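Working notes, beginning with the structure itself.
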Amino acid sequence: MHLVETNGGRVLLDCGMVQGRRQESRRLNSEFPFDVKTIDAVVLSHAHLDHTGRLPVLVKKGFNKSVFSTSATRDLCGAMLRDSASLQEMDAKYVNRINAESGLPFIKPLYTIRDVTTSLCLFQTVEYRRPLEILPGIKLTFNNAGHILGSATVTLEIAEGRDEKKTTTLGFTGDLGRKGAAVVRNPEIFNRADVLITESTYGGRSHGPMN
């Protein structure tokens, strides 16, 4: 999850769920280090829960603007977020049975299927290589990341200055796939970026092709 602030706009790149021990992950997933109502747009790179799983929490806390993704990511989010909500509801019931025996207070699920349904209504789909101005002076382009169906790298072209003649290009890789996968296409290469945000799962190692 990365917050980009520019031209008076605030864009959130991904909104992933932290996984781990129940109490710690619940604490981390329940709060955000910013006022969610000040976010102007969310951009999702792909549907995996570590990149989308807190979106219903964001909406539950007051976010009601657009969520931009590819159409395949939106469709996968429909299934994965509903499944996540179902697990949240079942886990809350389990914890509450134990709490009832111990005289401890009940907890509520992190979010429900109803929260997911509300979140899905905010999606606007953008297909690969079709630039779209998502906020004044901020143009979004998705390219194929080759990770899962619908996964995308994110390019934000940000017009700056009073006359907006200067453009800064920010690239966000999301999760990059490998060449030679049987189902998804090879990841596309960034043309250019003035600023690059990427994960470092593989450190300095070369992530070679699959075939």
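The shown structure was predicted, so the numbers you read here are calculated from the model rather than taken from an experiment. In this chain, residues are counted from 1 in sequence order.
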* To do: Applying salt bridge (Lys or Arg N to Asp or Glu O under 4.0 Å), run through Asp40 and Lys65 and close with a yes or a no.
  => CA-CA 6 Å; Asp40 298 299; Lys65 306 291 180 60; 3.8 Å; yes

* To do: Keeping the roles fixed (side chain from Lys108, backbone from Ala92), state whether a donor-acceptor pair exists under 3.5 Å.
  => no

* To do: Over all heavy atoms of both residues, which pair between Phe34 and Leu12 is shortest? Give the atoms and the distance, please.
  => CZ-CD1, 3.9 Å

* **Nearest atoms (heavy-atom pairs only) where Asn29 meets Val57** => O-CG1, 3.6 Å

* **Pairs satisfying ring-ring contact (aromatic ring centres under 6.0 Å, His included), at least one member in residues 35-93, at least two apart** => His46-His48, His46-His51, His46-His147, His48-His147

* To do: Using atom types as modelled and distance alone, determine if a side-chain donor or acceptor of Ser102 lies under 3.5 Å from a backbone N or O of Asn99.
  => no

* Structure fact -> Taking every heavy atom of Gly171 against every heavy atom of Ala193, the minimum-distance pair comes out as N-CB, 4.1 Å

* Structure fact -> Value for CG (Asp50) from SG (Cys15), rounded to nearest 0.5 Å, stands at 12.0 Å

* Asked: Only one of Asp175, Asp14, Thr70 clears side-chain hydrogen bond (donor to acceptor under 3.5 Å, both in side chains) with Ser45; which?
  -> Asp14

* Asked: Does the Glu89 side chain pair with the main chain of Lys93, one donor and one acceptor, at a distance under 3.5 Å?
  -> no

* Asked: Regarding Thr141 and Thr155, is there a side-chain donor-to-acceptor distance under 3.5 Å anywhere?
  -> no

* Asked: With the threshold set at 4.0 Å, does a side-chain nitrogen-carboxylate oxygen contact exist between Arg10 and Glu5?
  -> yes

* Structure fact -> Members sharing Phe106's hydrophobic cluster, built from side-chain contacts under 4.5 Å between Ile, Leu, Val, Met, Phe, Trp and Tyr, are none

* Structure fact -> CG (Leu28) and CZ (Arg21) are apart, to the nearest 0.5 Å, by 13.5 Å

* Side-chain donor or acceptor of Ser86 paired with backbone N/O of Asp83 under 3.5 Å -> no

* In terms of side-chain heavy atoms, does Tyr111 have a donor or acceptor partner in Ser84 at a distance below 3.5 Å? -> yes

* In Å and rounded to the nearest 0.5 Å, what is the OG to CZ distance from Ser151 to Phe142? -> 11.0 Å

* Looking only at atom types and distance, does a side-chain atom of Arg54 sit under 3.5 Å from a main-chain N or O of Met17, one as donor and one as acceptor? -> no

* **Distance-only side-chain donor-acceptor flag, Glu157 / Thr167, under 3.5 Å** => no

* For residues Gln19 and Ser25, is any side-chain donor paired with an opposing acceptor at under 3.5 Å? -> no

* Tell me yes or no: between the side chains of Arg74 and Ser69, is some donor less than 3.5 Å from an acceptor? => no

* **Asp115-Thr112 side chain donor-acceptor pair, cut-off 3.5 Å** => yes

* Looking at Gln88 and Pro109, what are the two nearest heavy atoms and their distance? -> O-CB, 3.6 Å

* Asked: Any donor and acceptor pair, going by atom type alone, linking the side chain of Thr73 with main-chain N or O of Gly150 inside 3.5 Å?
  -> yes

* To do: Spell out, as yes or no, whether a donor-acceptor pair under 3.5 Å connects the side chain of Asn143 to the backbone of Thr153.
  => no

* **Hydrophobic cluster of Ile98, others only, ordered by chain and residue number, side-chain cut-off 4.5 Å** => Tyr94, Val95, Ile107

* Could you pull out the closest heavy-atom pair between Ala145 and Thr173, with the gap in Å? => CB-O, 4.4 Å

* Residue Arg192 excluded, over 12 heavy atoms near CZ under 6.0 Å -> yes

* Structure fact -> dist Asp194:CG -> Thr168:OG1 (nearest 0.5 Å) comes out at 5.5 Å

* Considering all heavy atoms of both residues, which atom of Leu81 and which atom of Val116 are nearest to each other, and what is their separation? -> O-CG2, 3.4 Å

* Asked: Roughly how far, to the nearest 0.5 Å, is CG of Leu55 from SG of Cys77?
  -> 7.0 Å

* Structure fact -> Distance col, row Ile134:CD1 vs Leu140:CG, nearest 0.5 angstrom, shows 5.0 Å

